[in-house]
Engineer: 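So that we are looking at the same thing, I have put the structure below in structure tokens.
Along the sequence shown, residues are numbered consecutively beginning with 1.
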Amino acid sequence: IGISTGGYGRMENSDYMTKLYVRSVDPDNYASLISPRKLLLLHSKGDSIVNVGVAERTFGYASEPKKLLEDDGQDHGYYRHEKVITLNEGLAWLVGYVAPMAPA
């Protein structure tokens, strides 16, 4: 499960060690290796820290089975009630489990 995440993009102007480190942790370099396990990405359309387009690009590198769920939130990360609804949908797809809902 990736929450508000995506690849880091090209780093042509970075020094060698920075490129090496970023390449080692960049989700874009690993998304295609997850299959045949499921990949679930959760993201807010209005995330101003990691643009949803970045998550969509990373999602594109992955093979099936995969699912990208976007909510209408404006925040980064996972801490709002809307995210629980999106997470429940993702968990139901991922493992057949639905978490109990907390009061709003």
Engineer: How far apart are the C-alpha atoms of Glu56 and Glu70, what are their side-chain angles, what is the distance that settles it, and do they pass the side chain to side chain contact (heavy atoms under 4.5 Å, CB included) test?
Structural biologist: CA-CA 10 Å; Glu56 291 168 346; Glu70 299 174 5; 2.7 Å; yes

Engineer: Which heavy-atom pair separates Gly7 from Thr58 by the least distance, and what is that distance?
Structural biologist: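 So the minimum-distance heavy-atom pair works out to N-OG1, 2.7 Å.
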
Engineer: Which residue pairs pass the side-chain hydrogen bond (donor to acceptor under 3.5 Å, both in side chains) test when at least one of the two sits in residues 32-42, sequence neighbours left out?
Structural biologist: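 Every pair satisfying side-chain hydrogen bond (donor to acceptor under 3.5 Å, both in side chains) with a residue in residues 32-42: there are none.
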
Engineer: Please examine the side chains of Leu40 and Leu69, heavy atoms only from C-beta on, and report whether any two atoms are closer than 4.5 Å.
Structural biologist: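 They are in side-chain contact.
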
Engineer: Find the distance between OG (Ser4) and CG (Asp75) and round it off to the nearest 0.5 Å.
Structural biologist: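 Between Ser4 OG and Asp75 CG, I get 7.0 Å after rounding to 0.5 Å.
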
Engineer: Got a second to check how far Arg23's CZ is from Asn29's CG, nearest 0.5 Å?
Structural biologist: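 Taking CZ in Arg23 and CG in Asn29, the distance rounds to 7.5 Å.
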
Engineer: Could you tell me whether the side chain of Val25 reaches within less than 4.5 Å of the side chain of Tyr8, counting heavy atoms only?
Structural biologist: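 Answer yes - side chains close enough.
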
Engineer: Answer yes or no: is there a side-chain heavy-atom contact under 4.5 Å between Leu87 and Leu42?
Structural biologist: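 Counting from C-beta outward, Leu87 and Leu42 do come under 4.5 Å.
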
Engineer: Kindly indicate, with the supporting measurements, whether the criterion side chain to side chain contact (heavy atoms under 4.5 Å, CB included) is fulfilled by Lys67 and Leu94.
Structural biologist: CA-CA 9 Å; Lys67 189 173 200 79; Leu94 189 65; over 6 Å; no

Engineer: Just verifying a value: how many Å separate Ile49 CD1 and Ser44 OG, rounded to the nearest 0.5 Å?
Structural biologist: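 Reported value, rounded in 0.5 Å steps: 10.5 Å.
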
Engineer: Below 4.5 Å, heavy atoms only, C-beta onward: do Leu41 and Thr5 meet side chain to side chain?
Structural biologist: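 Heavy-atom side-chain distance check passes, below 4.5 Å.
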
Engineer: State, to 0.1 Å, how close Lys45 and Asp72 come at their nearest heavy-atom pair, and which atoms those are.
Structural biologist: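 Shortest heavy-atom separation between Lys45 and Asp72 comes out as NZ-OD1, 3.2 Å.
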
Engineer: Of all heavy-atom pairs between Gly73 and Asp71, which one has the smallest distance, and what is that distance?
Structural biologist: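 In terms of heavy atoms, the two residues are closest at N-OD1, 2.8 Å.
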
Engineer: Is it true that Ile34 and Phe59 fall in one hydrophobic cluster, defined by side-chain heavy atoms closer than 4.5 Å?
Structural biologist: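 As far as the 4.5 Å side-chain criterion goes, Phe59 and Ile34 are connected within one cluster.
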
Engineer: Do you know the tightest heavy-atom contact between Asp47 and His76?
Structural biologist: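 The answer is OD2-ND1, 2.7 Å.
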
Engineer: At what distance, to the nearest 0.5 angstrom, does NZ of Lys66 lie from CH2 of Trp93?
Structural biologist: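 It comes to 10.0 Å.
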
Engineer: Are any of the side-chain nitrogens in Arg57 or Asp28 under 4.0 Å away from the carboxylate oxygens of its partner?
Structural biologist: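 Yes, this pair counts.
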
Engineer: Atom OH of Tyr61 and atom CG of Asp26: how far apart are they, to the nearest 0.5 Å?
Structural biologist: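 Going from OH on Tyr61 over to CG on Asp26, the span is 8.5 Å.
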
Engineer: Evaluate the criterion side chain to side chain contact (heavy atoms under 4.5 Å, CB included) for residue pair Ile1 and Ile3; output intermediate values, then yes/no.
Structural biologist: CA-CA 7 Å; Ile1 298 175; Ile3 298 174; 4.0 Å; yes

Engineer: Could you state the interatomic distance from OH (Tyr30) to OG (Ser24), rounded to the nearest 0.5 Å?
Structural biologist: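 It is 5.5 Å, given to the nearest 0.5 Å.
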
